[in-house]
Amino acid sequence: MKAKFLKFRRKLSYRIGEGLLGEDRPLPEETTVLPSKDKWSLALTGLILVLILGLTVFTAQQRLSPRHRLTQIPQEEINRLTEEKDKLRDENARLRDDNLRLASAINEAREENLSLLDLSTEENQALLQAYRDVSYQAGFWTYEGPGIRVSLQDKEGIRYDKNTLVTEIVHDADVHYYVDFLKAHEALAIQVNGERLAPTSPLLCVGSSILVNRVYHATPFVIEAGIDDAEALAQNLLNSRTYQAMVSRGLRVTIEYVENIKIEPQDDLIYVEEQVKRLGG
Amino acid sequence: MKKPKMRRKNSWRRKAGKAISLLLCFILGLLLALQMKNVADLKSLNLLGNDSVESLQEQVRSLSVANNELRARNASLNANLEELVRLGNDDNAQINFYRQQTESLSVFAGLTPVKGPGLIIDINLTQPGANISASNLLVIKNALNGAGANAISINDQRVVATTDIANTGSDTHPNIIMNGTGITSDSHYEIRVIGEERKLKDFVDFHTPIWDHLKQAGCMVSFSFPEEVEIPALAKDSPAFRQQLLEPVPTP
């Protein structure tokens, strides 16, 4: 058996030119090949190699061609979607500007009206005071002063597939931790992704979005609060075990003290109206 | 005589073999490079193990929703602004407007008692060793907010925008405060909720881990869905009732 293998190996070595298998020994007597046969043998080997190569190239082309088409179609789709997204983003920025402008105009108009109100009667004075009190409690005022900004984002580079760990994603409980902490330290005004928090504001994470009041906002989740002693509280948060645990989970968490933070008043009148209607107001 | 001829032939064969193997290696390398380029292209298009098209579609969808929402919100603000401008110097119209605004904002802020269909969660602590913490109540309150509750109170303390629930006291004498007021009870905690019955029933069914946890802590939890649940207003003397006390002094 071994002798047969050695014979075959030597023949092969001879046929493809010896050097290939590192053999440089003379062939045994019985395998001596005549010059004409030698040429035929080489030609046959060459033909087989060309055939193998042709087959390889053909198979590769067959496999690459549909993949090439696959790359072309999504590329067109990606271009179209990117263009659409850019347009929507521009529109979003414009609508946000309008929103801020309108909210500010309403505040001015309200203050102007109130300044024109006849306050000579006790009844009107009481009404104005009551209106100011409920506006304040309802979050219809702008906070400007020291504050804290917390930003939460999922772990960088995750693919949101079956390999993604639950701990690598920001959950409701993570957002609630900071909001509850700020409330426990007597925050005067809190907003999450620009939405002023109301008494029963839901904070619900759905995938990479968060539902605040009645609107879904995309990640990152930014919690901003107007609070006294903000600098010390920001440091407390940075030293907290929960913050350390979030960081060790790979979440991207930033906590910063902001010397002069601005918390916009509640501007979602649709949400306010819905809530009031449901409570029979 | 034959030996030099054989040697020449062998040398020629060796050269041919080397050339063929070189060619083979070259073609193999070329194919490998092509394949790598192909994979790199696919990766750049995020077709391998990523979902760029899906992610873009999701971004477009959420931006569309956000824009529609902003449009509606701006329309509502516009209507409000027009109303304020229309009021102008008309004192009666102004007074009516602010009276109506005070009433509705008072309901929204939790400064008015309200009633409506809802849920009452009774957490009984009469069993020996039963205990509940502020974090348990916070989890329930936050979950209720997520379930679409319109108004909530715990042991007659109304949940408002700045409501805090925290543990105080010592390990031997724990206390729970809410809205800066003690709500500690040895016997039971009553959580009253106004909201849609279907949503509240789903809430109870969906959050079994919370109820199981409380049962493990020795609490007995019961639920009822009355057609009318009354929820008190936030007391005006509550520490959570915050007023804007600083008024700017008009310059002469």
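Letters go in sequence order (proteins before strands), and every chain restarts at 1.
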I'd like to know if A:R80 pairs up with A:E83 as an ion pair, taking the criterion as any Lys NZ or Arg NE/NH1/NH2 lying under 4.0 Å from an Asp or Glu carboxylate oxygen.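 So A:R80 does not pair with A:E83 through a salt bridge.
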Residues A:E274, A:K277: salt bridge by 4.0 Å N-O rule: no
Can you tell me if A:R278 uses its side chain to pair, donor with acceptor, with the backbone of B:G195 under 3.5 Å?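 Not at all, since once roles are kept as given, no pair shorter than 3.5 Å links the two residues.
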Taking A:D174 for the side chain and A:H171 for the main chain, is one N or O donor matched with an acceptor at less than 3.5 Å?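 Yes, A:D174 side chain to A:H171 backbone: donor-acceptor pair under 3.5 Å.
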For chain A, find which of [options] contributes the most heavy-atom pairs closer than 4.5 angstrom.
options: B:N78, B:L24, B:V65; answer: B:N78
options: B:L63, B:N150, B:L70; answer: B:N150
options: B:R71, B:E58, B:R158; answer: B:R71
options: B:L105, B:V114, B:I152, B:I231; answer: B:L105
options: B:N67, B:V60, B:V160, B:D164; answer: B:N67
options: B:N142, B:L28, B:I27; answer: B:N142

Name the region of [X], side chain, backbone, both or neither, that has any atom closer than 4.5 Å to a heavy atom of chain B.
X: A:R94; result: neither
X: A:L114; result: both
X: A:V215; result: side chain
X: A:A130; result: both
X: A:E273; result: neither
X: A:F140; result: side chain
X: A:S135; result: both

Checking [X] against chain A: side chain, backbone, both or neither under 4.5 Å from a heavy atom?
X: B:A72; value: both
X: B:L234; value: side chain
X: B:I194; value: side chain
X: B:L31; value: side chain
X: B:I95; value: both

Could you measure the distance from the CG atom of A:L102 to the CG atom of A:D97? Nearest 0.5 Å is fine.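 A:L102 CG to A:D97 CG: 11.0 Å, rounded to 0.5 Å.
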Rounded to the nearest 0.5 Å, what separates atom OG1 in B:T163 from atom CG in A:L197?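 Going from the OG1 atom of B:T163 to the CG atom of A:L197 covers 11.5 Å.
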Is it true that, when you exclude [X] itself, more than 12 heavy atoms of the residues, nucleotides or ligands shown sit nearer than 6.0 Å to its [atom1]?
X: B:K115; atom1: NZ; value: no
X: B:H207; atom1: NE2; value: yes
X: A:R89; atom1: CZ; value: no
X: A:N79; atom1: CG; value: yes

Salt bridge (Lys or Arg N to Asp or Glu O under 4.0 Å) contacts in which one or both residues fall within residues 182-207 of chain A, not counting sequence neighbours: A:E195-B:R73
For the candidates [options], which exhibits the highest count of non-hydrogen atom pairs separated by less than 4.5 Å from chain B?
options: A:R96, A:K87, A:R110, A:R101; result: A:R110
options: A:L49, A:N113, A:V57; result: A:N113
options: A:L203, A:L204, A:L127; result: A:L127
options: A:L116, A:D172, A:D180; result: A:D180
options: A:N124, A:L211, A:D268, A:I270; result: A:D268
options: A:A105, A:A198, A:A109, A:S209; result: A:A198

If you look at every heavy atom in B:S64 and A:L88, which pair is closest and at what distance?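 Minimum heavy-atom contact is OG-CD1, 3.6 Å.
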Between the side chains of B:N136 and B:S133, does any donor sit under 3.5 Å from an acceptor?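 Looking only at side-chain atoms, B:S133 and B:N136 do form a donor-acceptor pair, the distance falling under 3.5 Å.
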Look at the rings of A:Y131 and B:Y98 and say which category their plane angle falls in: under 30° parallel, 30 to 60° tilted, over 60° perpendicular.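 A:Y131 and B:Y98: perpendicular rings.
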